[in-house]
Q: 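For reference, the structure I am asking about is given below.
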Amino acid sequence: MAHPLFPRLLSSYLNCLKVGAPPEVVASLEESCAKCESLNASSGRTGSGSIGEDPALDQFMEAYCEMLIKYEQELTKPFKEAMLFFSRIECQLKALAVSSDFGQSESSSQNEVDVHENNLDSQAEDRELKVQLLRKYSGYLGSLKKEFLKKKKNGKLPKEARQQLLDWWNRHYKWPYPSESQKQALAESTGLDLKQINNWFINQRKRHWKPSEDMQFAVMDATNYYMENVMCKPFPMDGMPMLL
């Protein structure tokens, strides 16, 4: 909210909500906007930031403002067409009111057909407009969502996910190397991916884990046994008498 472009973003968003809204809704939106501006002014947050401190946020705010402005224009176009349509209908009804009863009934039936056809045309235009908007902005919104999810993944893990990983760590402190199936179970329960889980355990072991002396001796004994009985005797058949 302290970003310099936030007032513009808020205004663009409210302008979209005002399109076609009843007067009381428009008044309520303007009142909410005024309260928000006064609250920011009293807290000293309005404009306290500056362009360039966070380039990613600057780019997002500018792009989103432009998108909302274009979206308002797209919404306003069919609304104006609808108002023009109702204006024509009103003129036709007034013309019917001064005509004769016979002519009025005949024109009325024809008018009902025209109204029905115009309503169908308006509904078709609305559906086409929605399809065009989805085609035009779905890719852009999808890329924004992926970008923010990527930034979220690159930051700190959620508190609940970290707590579940720590619980598993405490239960398996002697040998904190989860198997692939255990990693998969942790991924499902925490909502993290396998790469995040692997990185967390690698960092956790580097910072907070050291094998016990018994484990070190066990590893050394296993290594010595392997060196003496496998590496030094690669061919077990050599020790057997040769059959002639």
Side-chain angles (χ1 to χ4, degrees), residues 1-10 12-14 16-17 32 36 39-40 43 45-46 48-68 70-71 130-131 133-223 225-226:
M1 295 179 67
H3 195 275
L5 292 180
F6 178 77
R8 180 186 173 193
L9 177 67
L10 179 61
S12 302
Y13 174 71
L14 293 179
C16 292
L17 298 180
S32 299
C36 182
L39 179 62
N40 289 340
S43 61
R45 289 186 296 183
T46 303
S48 59
S50 61
I51 301 294
E53 291 182 358
D54 189 345
L57 181 59
D58 296 341
Q59 184 179 5
F60 169 79
M61 297 288 282
E62 292 176 359
Y64 212 96
C65 287
E66 293 178 1
M67 186 185 69
L68 287 175
K70 292 180 181 179
Y71 186 60
K130 291 179 181 179
V131 173
L133 290 175
L134 286 174
R135 289 177 179 175
K136 189 172 183 179
Y137 296 108
S138 60
Y140 182 73
L141 293 175
S143 62
L144 280 178
K145 182 178 180 181
K146 290 180 180 179
E147 184 67 23
F148 278 97
L149 288 176
K150 181 180 178 181
K151 290 183 178 180
K152 184 177 180 182
K153 288 183 179 180
N154 291 336
K156 292 184 179 180
L157 300 181
K159 183 178 179 180
E160 295 181 357
R162 284 187 284 116
Q163 186 59 48
Q164 292 187 41
L165 294 177
L166 284 173
D167 292 341
W168 193 97
W169 171 274
N170 293 330
R171 293 195 303 269
H172 304 81
Y173 182 78
K174 290 184 178 180
W175 188 251
Y177 287 84
S179 62
E180 294 301 321
S181 60
Q182 290 173 328
K183 292 178 183 178
Q184 188 64 39
L186 288 172
E188 294 177 358
S189 62
T190 58
L192 305 176
D193 55 35
L194 294 177
K195 182 179 179 181
Q196 289 175 297
I197 291 177
N198 285 329
N199 291 338
W200 186 88
F201 276 102
I202 291 173
N203 294 330
Q204 188 75 358
R205 285 192 294 264
K206 288 181 179 180
R207 299 169 183 170
H208 306 288
W209 185 71
K210 184 179 181 181
S212 62
E213 294 183 359
D214 295 339
M215 185 175 297
Q216 293 179 7
F217 290 141
V219 173
M220 291 175 62
D221 292 342
T223 304
Y225 176 83
Y226 178 80

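Along the sequence shown, residues are numbered consecutively beginning with 1.
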Q: For the residue pair Leu194 and Ala187, what are the closest heavy atoms and their distance?
A: CD2-CB, 4.1 Å
Q: Please identify each residue that fulfils side-chain contact (heavy atoms from CB on, under 4.5 Å) with Lys195, with sequence neighbours left out.
A: Asp193, Asn199
Q: Not counting sequence neighbours, which residues clear salt bridge (charged side-chain N to carboxylate O under 4.0 Å, His left out) with Glu180? List them please.
A: Lys183
Q: Between Asp58 and His3, do the side chains contain a donor N or O and an acceptor N or O under 3.5 Å apart?
A: yes
Q: Could you give the distance from OH (Tyr177) to CD1 (Ile202), rounded to the nearest 0.5 Å?
A: 9.0 Å
Q: Near Arg171 CZ, under 6.0 Å, is it more than 12 heavy atoms from other residues, nucleotides or ligands?
A: yes
Q: Does atom CD of Gln204 have more than 12 heavy-atom neighbours from other groups under 6.0 Å away?
A: yes
Q: Does the ring centre of Trp209 sit less than 6.0 Å away from the ring centre of Phe201?
A: no
Q: With side chains defined as the heavy atoms from C-beta onward, is the minimum distance between Tyr173 and Trp168 less than 4.5 Å?
A: no
Q: Nearest 0.5 Å, what's the NE2-CG distance between His172 and Asp167?
A: 11.0 Å
Q: Measure the spacing between CG of Leu9 and CE of Met61 and express it to the nearest 0.5 Å.
A: 4.5 Å
Q: Tell me every residue that passes side-chain contact (heavy atoms from CB on, under 4.5 Å) with Thr190, counting only those two or more places apart in sequence or in another chain.
A: Ala161, Gln164, Leu192, Ile197
Q: Keeping Arg205 on the side-chain end and Pro176 on the backbone end, is there a donor-acceptor pair under 3.5 Å?
A: yes
Q: Give me the atom names and distance for the closest heavy-atom approach of Cys65 to Ser12.
A: O-OG, 4.2 Å
Q: How many angstroms lie between atom OG of Ser32 and atom CG of Leu10, to the nearest 0.5 angstrom?
A: 9.5 Å
Q: Is the shortest side-chain heavy-atom distance between Asp54 and Phe60 below 4.5 Å?
A: no
Q: Would you please test Tyr71 and Tyr13 for side-chain contact (heavy atoms from CB on, under 4.5 Å) and show each step?
A: CA-CA 9 Å; Tyr71 186 60; Tyr13 174 71; over 6 Å; no
Q: Roughly how far apart are Met67 CE and Cys16 SG, rounded to 0.5 Å?
A: 8.5 Å
